[in-house]
Every structure is written in structure tokens, then in C-alpha cells.
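To find a chain, count down the sequence lines: A is the first, B the second, and so on, and within it residues start at 1.
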Amino acid sequence: MGEGALVNEKADPGSWTNHREDGFVRSFDFAPRDSYNAAGQGPIDMPRQSRPARARRKKNVDAQLPPPSLKRAFQRRLLAWYREHGRDLPWRKTSDPYHILVSEVMLQQTQVDRVIPKYHEFLERYPSFAELADAPVSDVKKTWYPLGYNIRPERLHSIARETVARYGGSLPNDADELLSFKGIGRYTAGAIRSFAFNEDAPILDTNVIRVLHRVFIAEGDPKAQKSRLWALSESLIPRGKGYDFNQGIMDFGAMVCTARDPYCLLCPMKSICKTYPFDAGTNGS
DNA sequence: CTCCGGTAAA
DNA sequence: TTTACCGGAG
């Protein structure tokens, strides 16, 4: 329905490498490095490829990643910016997986400023998975009000019950196990793994989509390139620094690379950003 | 009024 | 790939 003026980049995922003279990685790496691959998918099973001409459509996202020098520049600048400007948020003072989960579920569709007081109130009332699991779901929903999307407290409650029943009251750190909970999707699983368990797991929320698309891609509809952006998000994490990198890129998206009127003039990425200078006033083309 | 947003389901 | 879910902000 909403095609509009946006060109669909699905047509040729490889084209954008052509207009950069420094050239992104060309080597083909068919090993799926994405730890979020669907369960059961392995190198063994072979996709039907009876039409070689059309097979080219399927994206080799690993072949479109930035070169190491560009990745390093982005990483260095982001971490430096985050050290200086990162926000001091309540859920950054803890690594308790329960606290991280509560914050992430609240933050899924609700702004930081509205989440902060409710985060404290909720944890005061339900200090652990066990206490949340024991509470009537109707009470949990009342405590949740007025955050909205009220399926979330129901799912949070069911996560608590399952965590107590099947995991001894502690959240698992395995990606597929996390994804098996109703209410934990790919973003939240990555957030839990990186923020609670300090793993180098990728995240992709709208902030990250916006930042990575602007800096590294700059064409097409960002939301239509999720698999490529997931691969980018994963490939950019400096080894051992998933926590700071992920927190940093979300703060950066919220504070500098904002959806409207980004602060391009003070942006540390301006010299490497494919979108700089962003001009909100004109329609892009 | 319109826009925004992770997950699950269609 | 599109949409329902809820509230708040612009």
C-alpha cells in the first residue's frame, strides 16, 4: 500500500557498494555468524535453487559490511562519545537479569521519562521473579498502568512464572531459550544478553536502525533492511564491549542522531556518515 | 489531529 | 510483509 516515493532497495542489495571508492568487503562468507539464526537451520540443509538467475536476489548480508577501518572509526567515536555524554539511567546501575528484563519490556514501546518512575515502583512491589510470579496478573496490570500496551504486563508475568517453573528463578542467557518466551523478541533477547550477561550480542531497535542506516547505508526504507542492519549491528560490536557499544548507540540515536532534526553539526560521525548533512527541510530527492 | 514503537500473529 | 496493541508528544 505505501510504496510512495521510496525506492525499494530489495531490488539490488549490492548496488550501494559501487558508489564508494573505498569498497566494502567483497569476500563472500557463507558461514552464518548471526547467533540468532532460527533453530534447526544449519549448513546442512540446502535451499532449493532451481533458478540460478533469481537466486541472486537473496541477500548476502555478510558481503555488504563496512571495511575494518570504517568499523573501527565508528566504534572508537561512539565509545568516546558515550563515555562523555551517555545518560545515567537506573537500569545501568544493575546487571540483575530481572531488573534488566523489566526495564526492557517497559522500554519496548514507552519513552524513558515515563518508564523511570514506573520501573522503581514495579521493582519495589515485585522485587524478584518469584514475587512477580506469585502475584495475580490483575494486580500486575494495575501496577503497570498507565504505560499502555497492556499485553506487556501479562507477558512479563508469564515470563516470571516460566522462569521460576523451568529455570529455577533465573533467566537463561541462551538466545534461543530467551526467544522462546512470549514477550521476548529479538531485540529484548539481545538486550538481556548484552546488558545482563555482558555478552557481545547485537540489538536492533528503531534508534539503532536509524543510526546505522544513516551512517552506513543512506538509501531505501530503513525498516525494509532489517536483516542487513542486524548483520551490521552484530559486526560493529567491539569484542568484549557489547554493553557499552549497545547502550552507546541507543543513547546516540536518542540524543544526537534523532529522528527529526538530528544534531549533525556536533555529531562525531559527520566525516564518515553517508547521510551528513541531513536536511529535514527538503524531501530527499 | 498525526506520528511513534517491539512483539506476535495473520 | 502488514497490522493490532496503548498511551504520550508534537
For [X], which contact category applies under a 4.0 Å heavy-atom criterion: base, sugar-phosphate, or nothing?
X        : answer
A:Arg114 : sugar-phosphate
A:Gln108 : sugar-phosphate
A:Ile184 : sugar-phosphate

As a test of reading the structure: which of [options] is closest to the side chain of [X], going by heavy atoms?
X        : options             : value
A:Asn150 : B:dG5, B:dA8, C:dG7 : C:dG7
A:Pro146 : B:dT7, B:dA8, C:dG8 : C:dG8
A:Arg260 : B:dC3, B:dG6, B:dA8 : B:dC3

> Can you check whether A:Thr110 has a side-chain N or O nearer than 4.0 Å to OP1 or OP2 of C:dC6?
Replying inline: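 For C:dC6, neither OP1 nor OP2 has a side-chain N or O of A:Thr110 closer than 4.0 Å.
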> Between B:dT7 and A:Thr188, is there an OP1 or OP2 to side-chain N/O distance shorter than 4.0 Å?
Replying inline: yes
> Salt-bridged, A:Asp88 to A:Lys93, with N to O below 4.0 Å?
Replying inline: yes
>> Looking at the base of B:dG5, is there any donor atom on it, or on the side chain of A:Tyr149, that sits under 3.5 Å from an acceptor on the other one?
In response: yes
> Does a sphere of radius 6.0 Å around NZ in A:Lys270 hold more than 12 heavy atoms from other residues, nucleotides or ligands, not counting ones at 6.0 Å or beyond?
Replying inline: yes
> More than 12 non-hydrogen atoms from neighbouring residues, nucleotides or ligands closer than 6.0 Å to OH on A:Tyr167, yes or no?
Replying inline: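 Enclosed: over 12 neighbouring heavy atoms sit under 6.0 Å from OH of A:Tyr167.
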[N] [atom2] sits how many Å from [X] [atom1], rounded?
X        : N     : atom1 : atom2 : value
A:Ile151 : C:dC6 : CD1   : C1'   : 12 Å
A:Leu179 : B:dG6 : CG    : P     : 16 Å
A:Asp205 : B:dC4 : CG    : P     : 15 Å
A:Lys226 : B:dA8 : NZ    : C1'   : 13 Å
A:Lys141 : C:dC5 : NZ    : C1'   : 12 Å
A:Met106 : B:dG6 : CE    : P     : 16 Å
A:Gln111 : B:dC4 : CD    : C1'   : 8 Å
A:Gln109 : C:dA4 : CD    : P     : 15 Å

Has [X] got a side-chain atom pairing as donor or acceptor with [Y]'s backbone, closer than 3.5 angstrom?
X        : Y        : result
A:Gln225 : A:Glu219 : yes
A:Ser158 : A:Arg155 : yes
A:Arg114 : A:Pro146 : yes
A:Thr143 : A:Asp139 : yes

> Mapping A:Phe181 and A:Arg210 onto DNA chain B by nearest heavy atom, which one lands closer to the 5' end?
Replying inline: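 The answer here is A:Arg210.
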>> If you assign each of A:Gly183 and A:Asn207 to its closest nucleotide in DNA chain B, which residue comes earlier from the 5' end?
In response: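 Checking each residue's closest nucleotide, the 5'-ward one belongs to A:Asn207.
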> Looking at residues 86-97 of chain A, who's got a heavy atom less than 4.0 Å off DNA chain B?
Replying inline: none
>> Once you measure the plane-to-plane angle for A:Tyr243 and A:Phe195, does it fall in the parallel (<30°), tilted (30-60°) or perpendicular (>60°) bin?
In response: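 A:Tyr243 vs A:Phe195 ring planes: perpendicular.
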